[in-house]
Amino acid sequence: VENIYPELTIIRYSVSDERNIELMRERLEAVGAGRYFGSVPLTFVGDEFFLGFDDEDGIGKDITDSIERQIGLVDTPAEEDVGGISLPIIGKIDASKHSLPALAIVLGALDGFNVCSLGALVLILGMSLVLGSRKKIALYGGIFVVTTALVYGGLIFLWFSLFSALAKYVGLIQILIGLIGFLGGVYFLREFVKMKRYGVTCDANGIPIIGKLSEKVQRIFKHGTSALSLALGILIFAVAITIVEFPCSAAVPVFFAGILAEASLSPILYSFYIFLFVLFYLLDELIVFGIAVYKMSIWLTSPRFVKAITLTEGL
(Lines give C-alpha, C1' and ligand atoms only; values in the text may rest on other atoms or scores of the structure.)
Protein backbone atom coordinates (compact mmCIF):
# COMPACT_ATOMS: atom_id res chain seq x y z
CA VAL A 1 0.00 0.00 0.00
CA GLU A 2 2.87 2.39 0.83
CA ASN A 3 4.27 1.86 -2.70
CA ILE A 4 0.94 2.72 -4.35
CA TYR A 5 0.21 5.78 -2.18
CA PRO A 6 3.54 7.45 -1.27
CA GLU A 7 1.70 10.29 0.53
CA LEU A 8 0.08 7.77 2.89
CA THR A 9 1.36 7.42 6.48
CA ILE A 10 0.73 4.05 8.11
CA ILE A 11 1.14 3.67 11.88
CA ARG A 12 1.04 0.18 13.35
CA TYR A 13 0.28 -0.59 17.01
CA SER A 14 0.82 -4.01 18.56
CA VAL A 15 -1.73 -5.18 21.13
CA SER A 16 1.02 -7.13 22.85
CA ASP A 17 2.24 -3.76 24.16
CA GLU A 18 -0.07 -2.80 27.05
CA ARG A 19 0.58 0.89 26.37
CA ASN A 20 -1.49 0.55 23.20
CA ILE A 21 -4.55 -1.01 24.85
CA GLU A 22 -6.03 2.26 26.08
CA LEU A 23 -5.32 3.86 22.70
CA MET A 24 -7.32 1.05 21.08
CA ARG A 25 -10.28 1.73 23.35
CA GLU A 26 -10.17 5.49 22.73
CA ARG A 27 -9.92 5.08 18.94
CA LEU A 28 -12.83 2.63 18.82
CA GLU A 29 -15.03 4.86 20.96
CA ALA A 30 -14.16 7.81 18.71
CA VAL A 31 -15.70 6.01 15.72
CA GLY A 32 -18.64 4.60 17.70
CA ALA A 33 -17.39 0.99 17.70
CA GLY A 34 -16.45 0.54 21.36
CA ARG A 35 -18.08 -2.88 21.46
CA TYR A 36 -15.21 -4.29 19.37
CA PHE A 37 -12.60 -3.42 21.97
CA GLY A 38 -10.15 -6.33 22.11
CA SER A 39 -10.79 -7.58 18.57
CA VAL A 40 -7.90 -7.59 16.08
CA PRO A 41 -6.85 -6.67 13.47
CA LEU A 42 -8.36 -3.17 13.38
CA THR A 43 -7.76 -0.72 10.56
CA PHE A 44 -8.62 2.97 10.84
CA VAL A 45 -8.63 5.19 7.78
CA GLY A 46 -9.65 8.66 8.91
CA ASP A 47 -13.09 8.22 10.48
CA GLU A 48 -13.75 4.88 8.80
CA PHE A 49 -13.16 1.61 10.59
CA PHE A 50 -12.55 -1.95 9.38
CA LEU A 51 -12.60 -5.08 11.52
CA GLY A 52 -10.65 -8.16 10.48
CA PHE A 53 -9.10 -8.98 7.11
CA ASP A 54 -9.82 -11.61 4.48
CA ASP A 55 -8.09 -10.78 1.17
CA GLU A 56 -7.28 -7.93 -1.21
CA ASP A 57 -10.60 -8.33 -3.04
CA GLY A 58 -12.69 -8.21 0.13
CA ILE A 59 -11.85 -6.03 3.11
CA GLY A 60 -8.54 -5.15 1.41
CA LYS A 61 -10.48 -3.45 -1.40
CA ASP A 62 -12.72 -1.66 1.12
CA ILE A 63 -9.62 -0.28 2.84
CA THR A 64 -8.09 0.78 -0.48
CA ASP A 65 -11.32 2.52 -1.50
CA SER A 66 -11.38 4.31 1.84
CA ILE A 67 -7.78 5.49 1.38
CA GLU A 68 -8.59 6.84 -2.07
CA ARG A 69 -11.60 8.73 -0.71
CA GLN A 70 -9.46 10.24 2.06
CA ILE A 71 -6.79 11.51 -0.33
CA GLY A 72 -9.37 12.67 -2.89
CA LEU A 73 -8.74 10.22 -5.71
CA VAL A 74 -12.42 9.18 -5.80
CA ASP A 75 -15.69 10.83 -4.84
CA THR A 76 -17.19 10.12 -1.44
CA PRO A 77 -20.27 7.89 -1.85
CA ALA A 78 -23.71 8.84 -0.62
CA GLU A 79 -23.96 9.29 3.13
CA GLU A 80 -25.89 6.08 3.72
CA ASP A 81 -23.01 4.04 2.29
CA VAL A 82 -20.27 5.64 4.39
CA GLY A 83 -18.97 4.11 7.61
CA GLY A 84 -20.04 0.84 9.09
CA ILE A 85 -17.79 -2.14 9.59
CA SER A 86 -16.50 -4.56 6.98
CA LEU A 87 -16.47 -8.25 7.89
CA PRO A 88 -15.17 -11.23 5.91
CA ILE A 89 -17.82 -12.83 3.63
CA ILE A 90 -20.67 -10.77 5.17
CA GLY A 91 -19.37 -7.46 3.87
CA LYS A 92 -20.11 -4.02 5.32
CA ILE A 93 -22.68 -3.78 8.14
CA ASP A 94 -23.86 -1.17 10.61
CA ALA A 95 -22.80 -2.87 13.83
CA SER A 96 -24.79 -0.47 16.00
CA LYS A 97 -28.02 -2.08 14.75
CA HIS A 98 -27.08 -5.71 15.29
CA SER A 99 -25.45 -8.23 17.60
CA LEU A 100 -26.05 -7.28 21.24
CA PRO A 101 -29.87 -6.89 21.21
CA ALA A 102 -30.23 -10.18 19.32
CA LEU A 103 -27.71 -11.85 21.62
CA ALA A 104 -29.61 -10.64 24.71
CA ILE A 105 -32.93 -11.95 23.36
CA VAL A 106 -31.66 -15.34 22.13
CA LEU A 107 -29.44 -16.16 25.13
CA GLY A 108 -32.02 -14.87 27.60
CA ALA A 109 -34.81 -16.95 26.04
CA LEU A 110 -32.67 -20.12 25.96
CA ASP A 111 -31.48 -19.58 29.52
CA GLY A 112 -35.07 -18.98 30.66
CA PHE A 113 -36.31 -22.53 30.32
CA ASN A 114 -34.92 -23.32 33.74
CA VAL A 115 -36.57 -26.29 35.39
CA CYS A 116 -35.74 -25.19 38.96
CA SER A 117 -37.01 -21.61 38.76
CA LEU A 118 -40.10 -22.57 36.74
CA GLY A 119 -40.84 -25.42 39.14
CA ALA A 120 -40.61 -23.06 42.13
CA LEU A 121 -43.05 -20.63 40.46
CA VAL A 122 -45.47 -23.48 39.75
CA LEU A 123 -45.25 -24.46 43.43
CA ILE A 124 -46.14 -20.91 44.50
CA LEU A 125 -48.95 -20.62 41.95
CA GLY A 126 -50.33 -24.03 42.88
CA MET A 127 -50.58 -23.06 46.54
CA SER A 128 -52.05 -19.66 45.57
CA LEU A 129 -54.75 -21.32 43.45
CA VAL A 130 -56.06 -23.05 46.58
CA LEU A 131 -56.84 -19.59 47.98
CA GLY A 132 -59.27 -19.10 45.06
CA SER A 133 -58.40 -15.44 44.48
CA ARG A 134 -56.95 -13.87 41.32
CA LYS A 135 -55.62 -10.96 43.38
CA LYS A 136 -53.68 -13.32 45.66
CA ILE A 137 -52.34 -15.32 42.73
CA ALA A 138 -51.22 -12.06 41.09
CA LEU A 139 -49.69 -10.80 44.35
CA TYR A 140 -47.76 -13.92 45.40
CA GLY A 141 -46.81 -15.00 41.89
CA GLY A 142 -45.81 -11.41 41.11
CA ILE A 143 -43.56 -11.24 44.18
CA PHE A 144 -41.78 -14.40 43.04
CA VAL A 145 -41.30 -13.21 39.44
CA VAL A 146 -40.13 -9.68 40.35
CA THR A 147 -37.74 -10.98 43.03
CA THR A 148 -36.30 -13.51 40.59
CA ALA A 149 -35.77 -10.75 37.99
CA LEU A 150 -34.00 -8.42 40.44
CA VAL A 151 -31.72 -11.11 41.88
CA TYR A 152 -30.84 -12.65 38.51
CA GLY A 153 -30.21 -9.23 36.97
CA GLY A 154 -28.06 -8.33 39.98
CA LEU A 155 -25.94 -11.46 39.56
CA ILE A 156 -25.36 -10.66 35.88
CA PHE A 157 -24.41 -7.10 36.81
CA LEU A 158 -21.86 -8.37 39.36
CA TRP A 159 -20.19 -10.54 36.72
CA PHE A 160 -20.30 -7.64 34.26
CA SER A 161 -18.57 -5.40 36.84
CA LEU A 162 -15.89 -8.03 37.42
CA PHE A 163 -15.16 -8.38 33.70
CA SER A 164 -15.13 -4.59 33.30
CA ALA A 165 -12.64 -4.24 36.15
CA LEU A 166 -10.34 -6.69 34.36
CA ALA A 167 -10.85 -5.07 30.94
CA LYS A 168 -7.18 -4.10 30.59
CA TYR A 169 -6.29 -7.80 30.42
CA VAL A 170 -7.99 -8.08 27.04
CA GLY A 171 -6.40 -11.33 25.87
CA LEU A 172 -7.03 -13.11 29.17
CA ILE A 173 -10.67 -11.99 29.28
CA GLN A 174 -11.31 -13.18 25.73
CA ILE A 175 -9.84 -16.60 26.53
CA LEU A 176 -11.86 -16.77 29.76
CA ILE A 177 -15.14 -15.86 28.02
CA GLY A 178 -14.45 -18.39 25.26
CA LEU A 179 -13.69 -21.07 27.85
CA ILE A 180 -16.89 -20.29 29.76
CA GLY A 181 -18.88 -20.58 26.55
CA PHE A 182 -17.25 -23.88 25.62
CA LEU A 183 -17.64 -25.46 29.08
CA GLY A 184 -21.23 -24.20 29.22
CA GLY A 185 -21.94 -25.94 25.93
CA VAL A 186 -20.47 -29.19 27.25
CA TYR A 187 -22.54 -28.86 30.44
CA PHE A 188 -25.86 -28.39 28.62
CA LEU A 189 -25.14 -31.25 26.23
CA ARG A 190 -24.52 -33.47 29.28
CA GLU A 191 -27.78 -32.18 30.79
CA PHE A 192 -29.58 -33.12 27.59
CA VAL A 193 -28.19 -36.66 27.72
CA LYS A 194 -29.20 -36.93 31.39
CA MET A 195 -32.72 -35.68 30.60
CA LYS A 196 -33.04 -38.27 27.83
CA ARG A 197 -32.18 -41.01 30.31
CA TYR A 198 -33.87 -39.92 33.52
CA GLY A 199 -36.38 -37.23 32.51
CA VAL A 200 -36.51 -33.52 33.30
CA THR A 201 -35.57 -32.87 36.93
CA CYS A 202 -34.22 -30.05 39.09
CA ASP A 203 -30.95 -30.82 40.87
CA ALA A 204 -31.56 -27.99 43.35
CA ASN A 205 -34.35 -30.07 44.94
CA GLY A 206 -31.69 -32.16 46.60
CA ILE A 207 -30.09 -29.15 48.30
CA PRO A 208 -31.18 -29.05 51.98
CA ILE A 209 -31.82 -25.29 52.18
CA ILE A 210 -34.17 -25.38 49.17
CA GLY A 211 -36.07 -28.37 50.54
CA LYS A 212 -36.49 -26.72 53.94
CA LEU A 213 -37.61 -23.40 52.48
CA SER A 214 -40.08 -25.18 50.20
CA GLU A 215 -41.59 -27.03 53.17
CA LYS A 216 -41.74 -23.81 55.20
CA VAL A 217 -43.56 -21.91 52.45
CA GLN A 218 -46.06 -24.76 52.08
CA ARG A 219 -46.69 -24.76 55.85
CA ILE A 220 -47.29 -20.99 55.77
CA PHE A 221 -49.88 -21.44 53.01
CA LYS A 222 -51.48 -24.43 54.74
CA HIS A 223 -51.93 -22.72 58.09
CA GLY A 224 -53.32 -19.55 56.50
CA THR A 225 -51.07 -17.07 58.25
CA SER A 226 -50.95 -13.36 57.44
CA ALA A 227 -50.45 -12.01 53.92
CA LEU A 228 -47.23 -10.34 55.10
CA SER A 229 -45.79 -13.69 56.28
CA LEU A 230 -46.72 -15.31 52.98
CA ALA A 231 -45.16 -12.48 50.97
CA LEU A 232 -41.96 -12.53 53.03
CA GLY A 233 -41.70 -16.34 52.79
CA ILE A 234 -42.12 -16.24 48.99
CA LEU A 235 -39.57 -13.43 48.68
CA ILE A 236 -36.93 -15.38 50.66
CA PHE A 237 -37.73 -18.55 48.72
CA ALA A 238 -37.35 -16.72 45.37
CA VAL A 239 -34.00 -15.24 46.40
CA ALA A 240 -32.71 -18.63 47.59
CA ILE A 241 -33.81 -20.62 44.53
CA THR A 242 -32.38 -17.99 42.13
CA ILE A 243 -28.98 -17.89 43.86
CA VAL A 244 -28.74 -21.66 44.37
CA GLU A 245 -29.72 -22.56 40.80
CA PHE A 246 -27.57 -19.81 39.22
CA PRO A 247 -24.43 -22.02 39.02
CA CYS A 248 -26.46 -24.65 37.12
CA SER A 249 -26.91 -22.30 34.16
CA ALA A 250 -24.22 -19.73 34.97
CA ALA A 251 -22.33 -20.26 31.71
CA VAL A 252 -24.97 -18.38 29.68
CA PRO A 253 -25.42 -15.22 31.82
CA VAL A 254 -21.70 -15.07 32.69
CA PHE A 255 -20.78 -15.43 29.01
CA PHE A 256 -23.26 -12.65 28.20
CA ALA A 257 -21.84 -10.43 30.96
CA GLY A 258 -18.35 -10.91 29.50
CA ILE A 259 -19.54 -9.93 26.02
CA LEU A 260 -21.14 -6.77 27.46
CA ALA A 261 -17.97 -5.87 29.33
CA GLU A 262 -15.93 -6.17 26.13
CA ALA A 263 -18.34 -3.90 24.28
CA SER A 264 -17.40 -0.78 26.33
CA LEU A 265 -21.00 0.47 26.57
CA SER A 266 -22.52 3.40 28.42
CA PRO A 267 -24.31 2.60 31.73
CA ILE A 268 -27.70 3.14 30.07
CA LEU A 269 -26.92 0.71 27.25
CA TYR A 270 -25.47 -2.14 29.31
CA SER A 271 -28.32 -1.76 31.83
CA PHE A 272 -30.81 -2.00 28.96
CA TYR A 273 -29.15 -5.16 27.57
CA ILE A 274 -29.15 -6.80 31.01
CA PHE A 275 -32.84 -5.86 31.35
CA LEU A 276 -33.54 -7.33 27.89
CA PHE A 277 -31.74 -10.56 28.80
CA VAL A 278 -33.65 -10.92 32.10
CA LEU A 279 -36.98 -10.10 30.41
CA PHE A 280 -36.58 -12.96 27.94
CA TYR A 281 -35.13 -15.17 30.68
CA LEU A 282 -38.46 -14.73 32.50
CA LEU A 283 -40.59 -15.05 29.37
CA ASP A 284 -41.76 -18.61 30.09
CA GLU A 285 -42.47 -17.76 33.74
CA LEU A 286 -44.43 -14.66 32.71
CA ILE A 287 -46.53 -16.81 30.36
CA VAL A 288 -47.25 -19.40 33.08
CA PHE A 289 -47.96 -16.61 35.57
CA GLY A 290 -50.29 -14.77 33.17
CA ILE A 291 -52.29 -17.92 32.39
CA ALA A 292 -52.61 -18.73 36.11
CA VAL A 293 -54.00 -15.26 36.85
CA TYR A 294 -56.33 -15.23 33.86
CA LYS A 295 -57.60 -18.83 33.76
CA MET A 296 -57.03 -19.86 37.39
CA SER A 297 -55.10 -22.89 36.15
CA ILE A 298 -51.47 -23.82 35.55
CA TRP A 299 -50.03 -24.47 32.10
CA LEU A 300 -46.70 -26.21 31.67
CA THR A 301 -44.56 -26.82 28.62
CA SER A 302 -43.83 -30.41 27.66
CA PRO A 303 -40.66 -32.19 28.87
CA ARG A 304 -39.83 -32.87 25.21
CA PHE A 305 -39.70 -29.11 24.55
CA VAL A 306 -37.42 -28.53 27.56
CA LYS A 307 -35.06 -31.23 26.26
CA ALA A 308 -35.00 -29.60 22.82
CA ILE A 309 -34.21 -26.19 24.37
CA THR A 310 -31.39 -27.71 26.45
CA LEU A 311 -29.88 -29.34 23.35
CA THR A 312 -30.13 -26.04 21.44
CA GLU A 313 -28.53 -24.17 24.33
CA GLY A 314 -25.64 -26.64 24.44
CA LEU A 315 -25.03 -26.40 20.70
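FYI, side chains are in, hydrogens and waters are out, and symmetry mates aren't considered; it's all heavy atoms of this structure.
Residues F163 and I259 form no side-chain contact, since every pair of their non-hydrogen atoms from C-beta on lies 4.5 Å or further apart. Counting heavy atoms from C-beta outward, L286 and L279 have side chains that approach closer than 4.5 Å. You'll find the side chain of Y13 stays beyond 4.5 Å of the side chain of L42, heavy atoms only.
L162 and Y270 fall within the same hydrophobic cluster, where Ile, Leu, Val, Met, Phe, Trp and Tyr residues are linked whenever their side-chain heavy atoms come under 4.5 Å apart, directly or through other members. Grouping the Ile, Leu, Val, Met, Phe, Trp and Tyr side chains by contacts below 4.5 angstrom, directly or via other members, places V45 apart from L23. Residues L176 and V186 fall into different hydrophobic clusters, defined by Ile, Leu, Val, Met, Phe, Trp and Tyr side chains chained together at heavy-atom separations under 4.5 Å. If you chain together hydrophobic residues whose side chains sit under 4.5 Å apart, I268 and F157 never meet in one group.
Between S14 and N20 the shortest heavy-atom distance is O-ND2, 2.9 Å. Closest approach of I156 and P253 over heavy atoms only: CG1-CB, 3.8 Å. Closest approach of I21 to V15, counting heavy atoms only: CD1-O, 3.6 Å. Looking at every heavy atom in both residues, V151 comes nearest to V239 through CG2-CG2, 3.9 Å.
Rounding to the nearest 0.5 Å places OG of S271 at 7.5 Å from CZ of F160. Once rounded to the nearest 0.5 Å, the distance linking CG of L269 with CG of L276 reads 11.5 Å. With rounding to the nearest 0.5 angstrom, the CD atom of E48 is 10.5 Å from the CD1 atom of I67. Atoms CD1 and CZ, from I180 and F255 in turn, are 9.0 Å apart once rounded to the nearest 0.5 Å. Within the model, atoms OH of Y281 and OG1 of T148 stand 7.0 Å from one another, a figure rounded to the nearest 0.5 Å. Note that CD1 of I143 and CD1 of I236 are 11.5 Å apart. Values are rounded to the nearest 0.5 Å.
By the 30° and 60° cut-offs, the orientation of the rings of F277 relative to F256 is parallel.
No more than 12 heavy atoms of other residues, nucleotides or ligands lie within 6.0 Å of CZ in F275, so this atom counts as exposed by the packing criterion.
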- Query: Under the side-chain contact (heavy atoms from CB on, under 4.5 Å) criterion, do F280 and L107 qualify, and how do the steps go?
  - Reply: CA-CA 8 Å; F280 278 85; L107 291 183; over 6 Å; no
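Considering I63, L51, I59 as possible partners of T43, the one that fulfils the side-chain contact (heavy atoms from CB on, under 4.5 Å) test is I63.
Using a cut-off of 4.0 Å between Lys/Arg side-chain N and Asp/Glu carboxylate O, D65 and R69 are scored as not salt-bridged.
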